[in-house]
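These numbers were taken from a predicted model, which means no experiment stands behind them. Here is how names work: the chains are called A, B, and so on, in the same order as the sequence lines, proteins then strands, and each is numbered from 1.
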Number of protein chains: 2
Amino acid sequence: MCQTLFENVYESSYVTGIKALAQHLDLSIGTVSRALNGKPDVKAETRRRVLAAAKELDYRPNHSGRSLRHGRTNTVGLVLETGSPSTLAGDTFFMHLVDAMQETLAEEGLDLVLLPCRSADDPIEFLRRHVTRRMVDSIVITATRRQDERIAMLLEDGTPFLALGRSETPGAYPWIDLDFAGAARDSVDALVRLGHRRIAIAAPRRDVNLAHIYMEGYRDALAAHGLPVDEALILRASGSENGGVQVAEALLRLEDRPTAVMLGQELMAIGLYSHLAQVGVQPGRDLSVIGFRQSPQLRFLSPALACFALDVRALGKEVGQAVMALSADPVAARGIGRVWPLEYVPAPSVQPPVR
Amino acid sequence: MCQTLFENVYESSYVTGIKALAQHLDLSIGTVSRALNGKPDVKAETRRRVLAAAKELDYRPNHSGRSLRHGRTNTVGLVLETGSPSTLAGDTFFMHLVDAMQETLAEEGLDLVLLPCRSADDPIEFLRRHVTRRMVDSIVITATRRQDERIAMLLEDGTPFLALGRSETPGAYPWIDLDFAGAARDSVDALVRLGHRRIAIAAPRRDVNLAHIYMEGYRDALAAHGLPVDEALILRASGSENGGVQVAEALLRLEDRPTAVMLGQELMAIGLYSHLAQVGVQPGRDLSVIGFRQSPQLRFLSPALACFALDVRALGKEVGQAVMALSADPVAARGIGRVWPLEYVPAPSVQPPVR
DNA sequence: GTTCGTCCTGTAAACGTTTACGACGCTACT
DNA sequence: AGTAGCGTCGTAAACGTTTACAGGACGAAC
């Protein structure tokens, strides 16, 4: 029976993949495929045999073949920028986010791969190469800029994508971002409630998006409390530890020193604490400090730093679901725009000002 | 001319990929492919036209199709464990390593993708799914264990792989690892030279490989100096900041307190410093401390921590080259086993013991 | 004028899957 | 008895590429 298959045995000396399975079972590859994929029109006994043989021969379907046949790869890519110290990269926060994302995606049989984009790479060319008609069928971009050409490119290209971070690039696209404005507002509220009036703020350079929104929340909150905005109290520095040092230096140089400072990046606190310690200024007592995101690296600052907590795993799941919605209904997904809440966590670094 | 192509135009209303290019140019897809891939047997004028049209139509070859045709994907995967605080994940060190790796791989037209393996995943099943006959044609595993079943599986499977970290799993396979033994030796040497005799050591749990080698270097170096090994000075704790706290507590509990401690994980220093500060013990003066790897998170410790520096980018390039050697000559590559040097960086946290 | 070579191009098979379709045997109904 | 239906399975096309091979045009050499 089934001579064609025996012919194949003699034609190609070494067969592989599903064909080998079919030969071994003396079935057609079509039937084997159907059995493996749970299609209804296959006898229970046959399916059992196929599954057993697949396990025995350690059959694993070729990803390229499968992707080529369906129009999709069942893989979503998350591009992260190596080299440049972005908000997300090089952070346990990020690892947990990815972990939770993957958990959600796995439920739908989707894989997640991280695409490291070198700082030397052109981010546009990088996306072109990877995304469209390539390894992944949808993509998550991180560390969005206020003007982000990647978004314009992806929109034009029609590639399903999700932005982790807002942007002012025109067009409707799905994004999820942290509530920077809310964090700024809550910071101001907490400080004003304790009696602070002169509140400094530090944020990274202008081109990164969060700085802009964080600033806006700061101004709005001050206005809501009827307080003036003193431009001298608005400090610019990089978001790294070194930026914190610069902020501390700038603060101490001010003639009418503020009684509190809020930091728009979590790592700044480390440099700030360090420099304050050198000059004998104690956080909390001499200067109230509110950081940004909770981070394991901040847990050992003394006195403990007031900052904002968020449920990373829940965020990761939300991101994962948004990505899946992307594939399911690209049009509807374009309406997704979600601000993820940050919860203020009081700590001794914030105290009433000394008069 | 060329009626078959015109037939295609009317048959399928919407064509895509190289076929669309061919139609647009009124050429066969074979010729177009040859022109794009720089094959010699194509007229210069034709090649020019094809290249121009490819750019105009923004043609990007389908990865699945290409991979299916060649037996390879031109992609190497690096699996990193999310969730668990590994040596590499969640670290700017790691990002720089990836950056340098990618730079090297890009020269040969290879892509690098990061495969996040959830802590909940079975690492073996994860590898099976991704590596063999799938998205990547070679793989880099990180955070090797002393007994690592992944290595055994990959060896048996025949998948080209590189281990970032040694293992005692039998078999010849390529690996690159940091010189933990050398770091331990140099630490002991530096401390003994200053007059320290009772030197404590802290390292993570036994199952991770580096701890074992680090310990061995410690014992050997002590023996070389004719010093006894006091088992009470060998401390076990996790490699995290919390581990450092535990180490500090254990140190202070010892009846005959050592004058120095060496830490097998860079993050430990943070917790250690923090706890020492709480009880008024000053690093350097009261207890000399040598950390492990340099890390931006340690830069703001005071007094500055003595630790070990390494050229991350050079290491990344070495890893990249090793991966390429893997594909070129799998047999020869199995001999690769490289210990990457660590350079001792003195700092005020190490001083002569007070008598 | 035939033959040979060179240059260029088209043809078609192949990579490993999935799936629409048809074929076959069997049961059960009219 | 004929046929409709169902269950099961094989066949073959298709996904987008690459490439071995063949073939056509053309010029040069005999």
Side-chain angles (χ1 to χ4, degrees), chain A residues 1-8 11-23 25-50 54 57 59-74 109 132-135 137, chain B residues 1-8 11-12 14-23 25-50 54 57 59-74 132-135 137:
Chain A
M1 56 174 114
C2 214
Q3 314 95 312
T4 61
L5 288 180
F6 282 115
E7 283 178 15
N8 277 344
E11 277 178 8
S12 58
S13 59
Y14 182 65
V15 288
T16 166
I18 205 176
K19 205 183 294 181
L21 248 191
Q23 286 188 10
L25 289 162
D26 199 21
L27 285 171
S28 77
I29 57 175
T31 303
V32 173
S33 175
R34 279 190 300 267
L36 290 173
N37 294 16
K39 301 288 170 180
D41 51 352
V42 50
K43 188 161 50 169
E45 161 67 8
T46 306
R47 188 189 306 280
R48 199 194 50 71
R49 280 180 58 220
V50 170
L57 300 191
Y59 167 73
R60 278 162 279 176
N62 180 296
H63 184 242
S64 300
R66 181 176 281 186
S67 302
L68 185 57
R69 169 64 216 220
H70 307 122
R72 61 201 152 73
T73 61
N74 282 330
T132 331
R133 29 185 66 267
R134 281 217 34 162
M135 320 193 13
D137 29 43
Chain B
M1 56 173 118
C2 215
Q3 313 95 310
T4 63
L5 287 182
F6 281 115
E7 284 179 11
N8 277 344
E11 278 179 9
S12 60
Y14 182 65
V15 287
T16 166
I18 205 175
K19 204 182 294 182
L21 249 190
Q23 286 188 10
L25 290 163
D26 200 21
L27 284 172
S28 79
I29 57 175
T31 303
V32 173
S33 175
R34 279 190 297 266
L36 290 173
N37 293 18
K39 301 288 169 178
D41 51 353
V42 51
K43 187 159 53 169
E45 161 67 8
T46 305
R47 187 189 307 279
R48 200 194 49 73
R49 280 179 58 221
V50 171
L57 298 192
Y59 167 74
R60 277 162 282 177
N62 180 296
H63 184 242
S64 300
R66 181 175 280 187
S67 301
L68 186 55
R69 170 63 218 217
H70 306 121
R72 59 199 153 75
T73 61
N74 281 332
T132 331
R133 33 182 64 267
R134 281 217 33 162
M135 319 192 16
D137 28 44

Report summary line: Scanning both residues in full, the closest heavy-atom pair of Y59(B) with I18(B) reads CE1-N, 3.4 Å

Report task. Could you tell me whether P40(A) contacts a base, only the sugar-phosphate backbone, or nothing, with contacts defined as non-hydrogen atoms closer than 4.0 Å? Result -> nothing

Report summary line: Separation of dC15(C) atom P from M135(B) atom CE, nearest Å, is 23 Å

Query raised in the report: Looking at side-chain heavy atoms only, is the closest gap between L25(A) and T31(A) below 4.5 Å?
Result: no

Report task. Tell me whether the OP1 or OP2 atom of dT19(D) has a side-chain N or O from S33(B) closer than 4.0 Å. Result -> no

Query raised in the report: Quick one: K19(A) NZ to dC15(C) C1', roughly how many Å, whole number?
Result: 9 Å

Report summary line: Taken to the nearest whole Å, NE2/H63(A) to P/dC15(D) is 19 Å

Query - Length of the line joining R48(A):CZ and dT8(D):P, which is rounded to integer Å - result: 15 Å

Requested in this report: Under 4.0 Å between any heavy atoms, over every strand shown, what does D41(B) touch: base, sugar-phosphate, or nothing? Just pick one.
Outcome: base

Query - Closest to side chain of S28(A), choosing from dC8(C), dC15(C), dG10(D) - result: dG10(D)

Requested in this report: Determine: side-chain N/O of R69(A) to OP1/OP2 of dG16(C), distance under 4.0 Å, yes or no.
Outcome: no

Query raised in the report: Once you round it to whole Å, what is the distance between C1' of dT17(C) and CG of L27(A)?
Result: 17 Å

Requested in this report: Respond yes when some side-chain nitrogen or oxygen of N37(B) is under 4.0 Å from OP1 or OP2 of dT18(D), and no when none is.
Outcome: yes

Report summary line: Of R47(B) and G65(B), the one whose closest nucleotide on DNA chain C sits nearer the 5' end is R47(B)

**Report entry** Phosphate OP1/OP2 of dC9(D) contacted by T46(A) side-chain N/O (<4.0 Å)
**Finding:** yes

Requested in this report: Just call it for G17(B): base, sugar-phosphate, or nothing, with non-hydrogen atoms closer than 4.0 Å on any strand.
Outcome: sugar-phosphate

Query raised in the report: Is a donor-acceptor pair below 3.5 Å formed from side chain R34(B) to base dG10(C), judging by atom type as modelled?
Result: yes

Report task. Mind calculating the distance between CG (L21(A)) and P (dT18(C)) to the nearest angstrom? Result -> 11 Å

**Report entry** Minimum heavy-atom distance between M135(A) and M135(B), given as atom pair plus value
**Finding:** CE-CE, 3.8 Å

Query - T31(B) side-chain N/O to dT9(C) phosphate OP1/OP2 under 4.0 Å - result: no

Query raised in the report: Counting side-chain heavy atoms from C-beta on, which of dT9(C), dT17(C), dC9(D) comes nearest to N62(A)?
Result: dT17(C)

**Report entry** K39(B) side chain near dT19(D) phosphate (N/O to OP1/OP2, under 4.0 Å)
**Finding:** yes

Requested in this report: Please state how far atom CD1 in I18(B) lies from atom C1' in dT19(D), giving the value in whole angstrom units.
Outcome: 12 Å

Requested in this report: Give H70(B) one of three labels, base, sugar-phosphate or nothing, depending on what nucleic acid heavy atoms sit under 4.0 Å from its own.
Outcome: sugar-phosphate

**Report entry** Any V50(B) side-chain heavy atom under 4.5 Å of V42(B) side chain
**Finding:** no

Query raised in the report: If every non-hydrogen atom of V32(B) is compared with every non-hydrogen atom of L27(B), which pair is closest and at what distance?
Result: CG2-CB, 4.0 Å

Query raised in the report: Within this structure, what is the CD-to-C1' distance between E45(A) and dG7(D), rounded to whole angstrom?
Result: 15 Å

Query raised in the report: Of the non-hydrogen atoms in S67(B) and S64(A), which two are nearest, and what is the gap between them?
Result: CB-OG, 3.1 Å

